[in-house]
Amino acid sequence: MNRFQSLFIIIASLFFSTWLGIVVYSYLQLGHLKSLSTSDGLFPLQYSGQAILGAQVYAANGCMTCHTQQVRQVDLTRADIERQWGKRPSVPLDYLRDRTAFLGNTRLGPDLSNVGLRLANAQWHYQHLYEPNIITPDSIMPSFRYLFRMQKIQGETSAQAVCLKGPHAPPPGYEVVPTEEARNLVAYLLSLKHDYDPSLPNQAAEK
Amino acid sequence: MNDEMTSSSLTFSQILSAPVQFPSLLRSQIDHELVGPVLLFVRTSFLSFLVGSLLLLLCSLKLVLPSFLDGVNFLSYGRLFPVAIDLLLYGWAIPGGLALIFWLTGHLSGATLPYKRVLIAATHLWNSALFFGSLALLIGYSTSVPLLEYPTWTSFLLFVAFLLMGLWVIFILKERRSSLFYVSQWYLLTALAVFPWIYGTANMLLTWEKIQGSAQGPIQAWYTGSLIQLWLIALPLAITYYMIPKISGVKIYSYYLVLVGFISLLFFAGWSGLSALLGGPIPAWMSSVGVVSNILLFLPMMAVVLNIYHMFQEIDKTTLHQSPTLRFVAAGMIFYVLGSALSILHAIPFANAILNFTDYTRGLFFLVLLGSFGMTFLGACYYFIPRLTELHWSSSSSIQYHFWLTIIGIVLLISAMTLGGLIEGVAWNDPAISITNIISYAAPFRWLAVLAWGLLLLGFFFFVRLLLLMRWQMIEKRVPNSL
């Protein structure tokens with residue numbers, strides 16, 4: 001065996017252990033969790049088709065660059081729970097239905113793992129996404145106006161029209177309505193709730 | 001290949017304590033062959049740095065003036081930030097590192113270079129994937145996996161291009177004239193072998209064929225941690241161990257330290273990323289391993305520091321003063337030590353509870369990217385570009401400005417983000433403090449970050465000026481290869 005090969009083998013075998021320990025373990029263990037079957041149904045809840053599309057809007061617009069989706073353990077910090085970002089710390093099972101787990105690594109804004117529990121009103125989210133400053137003055141969250149459309153009011157105002165007053169109000173005779181993307185996104189946000197108890201016994205061994 | 005047998009019986013202490021020196025004729029022949037592909041990637045890397053840091057300047061401005069250029073989809077923060085970070089990573093650090101690997105491999109193995117076409121084709125493939133991938137992110141095709149945002153076709157093309165380049169390097173290594181491996185080559189080979197491994201695995205499981213969401217967190221963390229340690233830190237070490245002996249004639253101080261440093265880095269690197277998910281949705285043992293291995297990364301850092309400290313002691317002061325390369329490398333190593341200290345702090349649970357997810361975490365990444373990698377890489381550029389092109393730097397005052405503005409920029413950026421992050425973290429941990437207040441506490445520090453990006457860019461303009469002056473020389477000399 002020459003020096004070149006032995007160097008290669010050293011590199012490979014040392015790094016192999018982390019690959020085995022993290023990647024293979026995660027894949028075999030965490031990658032094959034089964035949903036929790038309780039008397040109240042299956043948890044975590046299934047996403048609606050609209051929410052699944054909404055998760056793509058979430059990804060496309062980089063909400064993950066400013067928002068995490070993980071509530072930390074109480075032995076590390078109590079703050080996440082005290083800020084009502086969740087009733088309990090996140091567990092791997094919570095991400096079972098997510099195509100991509102938007103764990104995030106930066107909190108320029110609040111954690112969103114349970115935003116559907118604390119902010120359950122679609123109109124609130126439309127206003128906030130259209131212009132965050134309406135809800136939180138001096139917010140640094142960008143405005144997602146481009147997910148909305150201004151249109152002439154035909155007869156009655158649409159049921160979904162965003163309620164905007166003051167400087168952000170559309171000109172008279174016009175209304176601002178969410179596009180399909182915005183509606184999907186809000187459906188996704190509203191379905192972000194992880195309040196089941198993961199320690200409940202699994203009633204069905206089979207899914 | 002014939003002398004492999006004898007070399008395998010050498011002990012480590014007999015391995016080279018300074019890079020091999022080939023006859024100058026061979027060296028200039030190697031340079032002549034390398035100039036095309038290397039400059040191709042060097043140009044990608046400088047251009048990406050320019051665009052990436054301009055975008056980061058814009059992003060940092062948006063965090064204090066959110067209404068600036070607001071409400072336009074492709075200019076929104078959530079789209080710009082990944083584009084910028086990925087440009088710095090896959091446009092600057094990786095092509096820059098590869099250019100360096102090509103050059104160092106050529107020079108450390110004394111091989112002339114067959115299949116140059118493959119290499120050039122691969123660099124073009126990489127560049128186009130990068131360009132179209134960035135556009136795709138801007139129009140909203142992001143996977144939203146941290147550092148793996150590019151759409152699947154982009155990451156696949158990047159992966160293929162990298163494999164081609166890696167195979168090319170391995171081919172050269174097989175052809176090498178010197179049977180001995182110098183330390184720098186250990187690190188280079190590690191970086192080269194590990195990148196496709198982690199990039200392939202992570203993309204395979206997180207973007208190409210997504211596995212269950214419940215298993216994605218640890219793999220995301222593993223990718224980030226390995227990339228930082230085994231590319232953004234391994235390459236600066238390779239550069240440092242190459243440049244000090246080359247420029248000053250000082251030999252490696254202790255081979256055993258090098259060995260300890262190398263092996264312990266490899267061993268702890270992959271695990272260390274896990275501390276990013278401390279207290280998060282991962283099994284408890286993973287959190288603990290993450291913390292422990294981050295702390296143990298102190299070992300390779302100390303090994304490197306001891307070695308390099310002794311080597312720098314022996315360099316005479318005029319050499320240090322005259323060589324921009326050595327100054328950049330020394331600064332890069334200081335940033336490396338600082339980065340290690342800050343990341344150990346970040347991994348200690350009670351500090352992590354405050355610091356994680358704040359600007360501190362991001363600052364740490366910038367410290368490695370711009371400080372450790374960036375400074376040593378720029379140092380290397382000051383060394384190899386003139387040799388490669390047979391031209392010289394025309395203005396020493398521009399080098400001075402570049403050096404000092406970059407140093408001040410990095411120090412300012414890191415202090416602002418570290419301190420700002422600390423304050424944000426303390427505030428987040430007190431539920432009585434509202435988000436509006438947290439934003440207002442962070443604002444002064446974020447303004448400083450804007451200023452820091454401005455200084456960094458200004459410094460880089462001096463470097464660009466140097467490159468343009470060099471290009472001017474080239475035109476005058478009618479050298480066919482242009483920057």
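Chain A is the first sequence line, chain B the second, and so forth, proteins listed ahead of strands; every chain is numbered from 1.
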Tell me, for A:Phe15 versus chain B, whether the close heavy atoms (under 4.5 Å) come from the side chain, the backbone, both or neither. both

Identify which part of A:Ser139 has an atom lying under 4.5 Å from any heavy atom of chain B, answering side chain, backbone, both or neither. backbone

Chain B contact via A:Pro142 - which portion, at a heavy-atom distance below 4.5 Å: both

Give, as side chain, backbone, both or neither, the part of B:Tyr223 having an atom under 4.5 angstrom from any heavy atom of chain A. neither

So, taking the atom named CG in A:Leu30 and the one named CE in B:Met286, what distance separates them when rounded to the nearest 0.5 Å? 6.0 Å

What part of A:Ser17 gets within 4.5 angstrom of chain B, counting heavy atoms only: side chain, backbone, both, or neither? both

Taking C-beta and beyond as the side chain, do B:Pro283 and A:Tyr25 meet within less than 4.5 Å on heavy atoms? yes

Side chain, backbone, both or neither: which part of A:Leu108 has a non-hydrogen atom closer than 4.5 Å to chain B? both

Contact class of B:Arg362 relative to chain A, heavy atoms under 4.5 angstrom: side chain

Taking side chain as C-beta onward, heavy atoms only, is A:Asp94 less than 4.5 Å from B:Pro281? no

Answer with side chain, backbone, both or neither: which region of A:Pro132 has an atom nearer than 4.5 Å to a non-hydrogen atom of chain B? neither

Is any side-chain heavy atom of A:Asn105 closer than 4.5 Å to a side-chain heavy atom of B:Leu277? no

Please look at B:Leu80 and chain A and tell me whether the side chain, the backbone, both or neither of the residue comes under 4.5 angstrom of a heavy atom of that chain. neither

Just by distance, with hydrogens left out, do B:Asn429 and A:Thr77 show a side-chain donor and acceptor under 3.5 Å apart? yes

